[in-house]
Amino acid sequence: MKYKKKGGDVLQIGDNVLVFDIETDGLDTTTAKMKWFGAFSFWDNEYYLFSGDELESIQRLIDAHRVVVGFNSNDFDIPICENNGLNFDYKIRVDLLKTLFKYETRKSVREQLIKVDGKVLKELLPNHKLKTIAEVLKLSVQKGEIDYNIFKQDVYTKLQIKEILKYLYYDVKITKELFEYMYKEFLPMKQFMKPKDQNNYNWFRTSLGSYTYKVICHHAGIEEEYGEHSGRKKYEGGFVSQPAKSTYSGKIYCLDFKSAYPHAFMMGNLYAHGCKCCSDEEKWNGNEMFPVEGKYCTKAPGKIEKVIKKFYNLRMQYKKNKDPREYTVKLIINTMYGISGSSVFTNLYSLTTASDCTLIVREMVKYARRYFSAAGYDVIYTDTDSVYLRDNKDNEKELLYYRDVIIKQIKKNLPFPEDTFDMGVDARIKGIWFFKDEDGEFKKKNYIYLTESDKIEIKGLPLIKSSCSRISQNVYESLKPLIIERGNIKFSREYIEEHVYRLIKQDMGLIANYYKVKHPDQYKSQTSIQCQISVAYGEGEHWLVPNLKLGGAGKSKKYCSLEEAKELCMNDLYLDHIWDTELSPFIRDWQHPKFIRRQQKAKDAYERQQDKIMQTFFKSDLWDSEAVGSDITDEEFLANEMDEVFQ
DNA sequence: GCCTCTCGCCTACC
DNA sequence: ACAGGTAGGCGAGAGGC
């Protein structure tokens with residue numbers, strides 16, 4: 001053993017867990033030689049550092065522990081250790097990287113559960129290097145730097161050994177701290193699992209879908225069986241309405257059905273489709289309001305529904321007591337709908353259940369739309385479980401009265417109405433704006449609103465996407481106070497232009513877009529822009545300047561690095577995206593260039609047609625015949641033309 | 001060459 | 001292998017004219 005050191009402050013987890021890391025002479029797991037082995041034991045609170053040839057001592061250390069924890073250890077460290085003669089059989093293997101992020105599918109596993117300063121870890125991580133994660137989570141140690149060639153040597157000087165041990169020690173320490181951090185984050189999830197899952201760290205390392213499946217099966221007393229991942233059968237999801245106008249002001253409310261999907265499951269008894277306690281005729285097969293496809297037990301709430309109800313009430317209680325476990329329970333409830341549509345989770349999977357759930361909520365929202373509309377409200381927009389409407393009467397009491405009637409009517413049409421089912425006021429709004437696409441239609445899932453307490457909310461716009469240029473973000477930041485002051489989001493193009501050109505002059509790099517790309521091998525389409533970027537600039541995150549002149553990716557519109565962009569002049573820059581996409585929502589009277597082009601085309605076609613008519617007219621001797629004088633008006637004709645063009 | 005369409009890919013909304 | 005669908009948007013490539 002090269003080194004042993006007390007661990008200092010340590011999280012008391014009451015388990016013999018070994019956090020470890022190795023240093024190798026290469027990255028190929030089949031050929032790499034383990035040169036150094038470092039570990040921290042939660043059993044005796046000690047750090048251990050070994051050179052790679054001390055196999056017996058290392059094995060003794062491993063054998064003394066039940067759980068081994070590493071970073072990317074399942075795919076890297078453990079295979080190499082095993083190839084070098086170590087044995088990890090029967091160890092519970094916790095891989096911190098795999099717990100956060102699944103590399104094969106580039107899917108977050110638990111990143112979305114960890115929040116730092118109100119932001120989800122998923123959005124804060126440009127890559128999944130241990131160093132980056134340590135920085136974002138503000139762990140006490142940062143990963144050191146070392147020239148990896150040092151690990152290719154066989155003989156070391158004293159100084160080199162000192163350097164290596166220090167490096168290895170810090171790596172182990174970061175891994176240990178990351179484990180402690182995640183342990184604290186996920187611990188609330190432990191208690192809802194069965195003892196075996198608690199014991200083998202399934203509460204820590206499973207995906208959220210698996211976690212929910214295990215918890216529900218355990219609590220409902222059903223078998224935990226798994227099926228094939230059937231080539232994803234699709235069914236209809238939420239209903240999204242198309243906005244009718246570009247802007248609304250006045251007394252606007254955003255109402256939403258509370259826990260709509262869980263309540264649809266409970267009130268429709270949608271998991272109780274296989275019961276034998278009632279005949280087919282006795283089962284609920286829907287009605288005019290909710291024409292469901294399945295047949296559901298009407299005698300008693302099913303066992304899964306009972307579990308949902310139990311967790312729903314538990315969440316209310318936790319919420320009242322400000323208990324952090326609230327979020328775990330919320331997670332379980334909300335994930336249930338997702339897994340009901342995935343065949344992997346055999347005993348909760350039912351396409352009928354999932355699609356009847358979405359059907360019920362679609363019909364709820366449509367009913368609310370119709371009802372509010374009939375009661376004299378302007379229904380502005382709806383998405384899945386929310387309703388935006390304008391109250392022209394300025395009478396909240398009356399509005400809430402109609403809300404109550406709607407809830408009552410919905411409950412009347414479902415076999416197991418729940419008292420907790422309700423519609424809440426999610427936001428009070430002074431003004432809301434929608435935007436047109438290239439066909440002149442108002443877009444869904446894209447809008448801005450200003451609340452009564454002067455908060456600006458932006459939904460879906462390119463401005464809030466991660467790829468958005470810094471320049472647009474900066475311009476928006478300077479517009480913000482004016483928007484609040486004026487209660488309007490629209491500005492003249494000239495006004496915004498001033499900001500844009502001033503900023504470009506300061507720093508051309510501000511127009512760059514953000515890209516996060518996979519390894520080229522992971523792309524099906526080698527010609528996709530993402531793959532091109534990866535080939536030219538490498539896997540990972542890049543800020544790339546769109547331009548017409550140079551760069552390693554793109555054909556007509558090219559992308560170059562910030563470094564390469566130094567050779568560009570103003571005329572080379574591609575600014576259309578900034579104007580037509582990122583900032584267009586804030587420009588008064590803005591129209592999509594494609595829309596303008598098409599309109600022009602329609603107009604040209606109309607004029608050509610007119611010429612033709614005139615020619616026929618003059619050529620013919622039917623000067624006063626009706627055949628020439630068209631019986632449709634110019635406006636109608638233009639409308640027909642436009643239809644044709646838009647079709 | 002321009003236009004339109006499909007598809008892969010990414011990200012946001014719920 | 002290890003939740004779901006809905007929607008906007010970009011850009012490459014194919015095919016029509």
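Keep in mind that the numbers below use all heavy atoms, side chains included, and drop hydrogens, waters and symmetry copies. Every chain is numbered from 1, with letters handed out A, B, ... down the list of sequences. Since the model is a prediction, treat every value here as computed from it, not as a measurement.
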Practice prompt. For A/Tyr381 and A/Lys445, indicate whether the former's side chain and the latter's backbone hold a donor-acceptor pair under 3.5 Å.
Written response: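 Side chain of A/Tyr381 to backbone of A/Lys445: a pair is present.
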- prompt: Could A/Arg110 and A/Glu185 be called an ion pair, given the rule that one side-chain N must be under 4.0 Å from one carboxylate O?
  reply: no
Choose from [options] the nucleotide whose nearest atom is closest to any side-chain atom of [X].
{"X": "A/Tyr523", "options": "B/dC9, B/dT11, C/dG5", "answer": "B/dC9"}
{"X": "A/Lys444", "options": "C/dA7, C/dA3, C/dG4", "answer": "C/dA7"}
{"X": "A/Val344", "options": "C/dC2, C/dG4, B/dT11", "answer": "C/dC2"}

Please state how far atom [atom1] in [X] lies from atom [atom2] in [N], giving the value in whole angstrom units.
{"X": "A/Glu236", "N": "C/dT6", "atom1": "CD", "atom2": "P", "answer": "6 Å"}
{"X": "A/Phe442", "N": "C/dA7", "atom1": "CZ", "atom2": "C1'", "answer": "17 Å"}
{"X": "A/Phe434", "N": "C/dA7", "atom1": "CZ", "atom2": "P", "answer": "14 Å"}
{"X": "A/Leu463", "N": "C/dG8", "atom1": "CG", "atom2": "C1'", "answer": "15 Å"}
{"X": "A/Gln600", "N": "B/dC3", "atom1": "CD", "atom2": "P", "answer": "13 Å"}
{"X": "A/Arg110", "N": "C/dC2", "atom1": "CZ", "atom2": "P", "answer": "15 Å"}
{"X": "A/Tyr447", "N": "B/dC14", "atom1": "OH", "atom2": "C1'", "answer": "9 Å"}
{"X": "A/Tyr381", "N": "C/dA7", "atom1": "OH", "atom2": "C1'", "answer": "8 Å"}

With a 4.0 Å cut-off on heavy atoms, is [X] in touch with a base, just the backbone sugar-phosphate, or nothing at all?
{"X": "A/Tyr514", "value": "nothing"}
{"X": "A/Ile464", "value": "sugar-phosphate"}
{"X": "A/Tyr261", "value": "nothing"}
{"X": "A/Lys518", "value": "sugar-phosphate"}
{"X": "A/Lys445", "value": "base"}
{"X": "A/Thr358", "value": "nothing"}

For this session: Tell me, please, which residues at least two apart from A/Ser207 pass side chain to side chain contact (heavy atoms under 4.5 Å, CB included).
Result: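 Residues passing side chain to side chain contact (heavy atoms under 4.5 Å, CB included) with A/Ser207: A/Val109, A/Ser210.
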Side chain to side chain contact (heavy atoms under 4.5 Å, CB included) filter on A/Val379, not counting sequence neighbours, yields A/Arg369, A/Phe372, A/Ser373, A/Thr382, A/Val387
- request: Please confirm whether A/Lys190 makes a cation-pi placement over A/Phe204, using NZ or CZ under 6.0 Å from the six-membered ring centre and within 45° of the ring normal.
  value: no
Residues passing the salt bridge (charged side-chain N to carboxylate O under 4.0 Å, His left out) test with A/Asp426, sequence neighbours excluded, are none
- Got a sec, which residues hit salt bridge (charged side-chain N to carboxylate O under 4.0 Å, His left out) with A/Glu477, two or more places apart in sequence or on another chain?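 Scan of A/Glu477 (salt bridge (charged side-chain N to carboxylate O under 4.0 Å, His left out), adjacent residues dropped) gives A/Lys480.
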Practice problem: Please name all residues satisfying ring pair (Phe, Tyr, Trp, His ring centres under 6.0 Å) with A/Tyr574, sequence neighbours left out, ordered by chain then number. | Solution: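 Once residues adjacent in sequence are excluded, A/Tyr574 has no partner under the ring pair (Phe, Tyr, Trp, His ring centres under 6.0 Å) criterion.
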With sequence neighbours left out, the residues meeting ring pair (Phe, Tyr, Trp, His ring centres under 6.0 Å) with A/Tyr213 are A/Tyr226, A/Phe345
(Q) Taking 4.0 Å as the cut-off, does a side-chain nitrogen or oxygen of A/Ser207 come that near to OP1 or OP2 on C/dA3? (A) yes
Going by atom type alone, with no hydrogens or angles, which donor-acceptor pairs under 3.5 Å involve a side-chain atom of residues 332-339 of chain A and a protein atom two or more places apart or on another chain?
unit_1	atom_1	unit_2	atom_2	d
A/Thr335	OG1	A/Leu331	O	2.6
A/Tyr337	OH	A/Tyr235	OH	2.9

Paired with A/Leu463, the side-chain contact (heavy atoms from CB on, under 4.5 Å) test is passed by just one of A/Cys468, A/Ser584, A/Ser469, namely A/Cys468
Return the set of residues passing side-chain hydrogen bond (donor to acceptor under 3.5 Å, both in side chains) with A/Asn74 (not counting sequence neighbours), or none when no residue passes.
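Listed in chain order: nothing, the list is empty.
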Within residues 209-217 of chain A, the residues having a heavy atom closer than 4.0 Å to DNA chain C are A/Gly209, A/Ser210
Secondary structure of DNA chain B per the Watson-Crick/G-U criterion (both distances under 3.5 Å; [ ] crossing, | other strand, . unpaired) is ||||||||||||||
Strictly by side chain to side chain donor-acceptor pair (under 3.5 Å), give each pair with a member in residues 533-544 of chain A just once, sequence neighbours left out.
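Every side chain to side chain donor-acceptor pair (under 3.5 Å) pair that includes a residue of residues 533-544 of chain A, provided the two are not neighbours, is A/Tyr103-A/Glu539, A/Tyr514-A/Glu541, A/Tyr537-A/Glu564.
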Contact string for nucleotides 9-17 of chain C, one letter per nucleotide 5' to 3', B = base within protein heavy-atom range under 4.0 Å, S = sugar-phosphate only, - = neither, reads SSSSS----
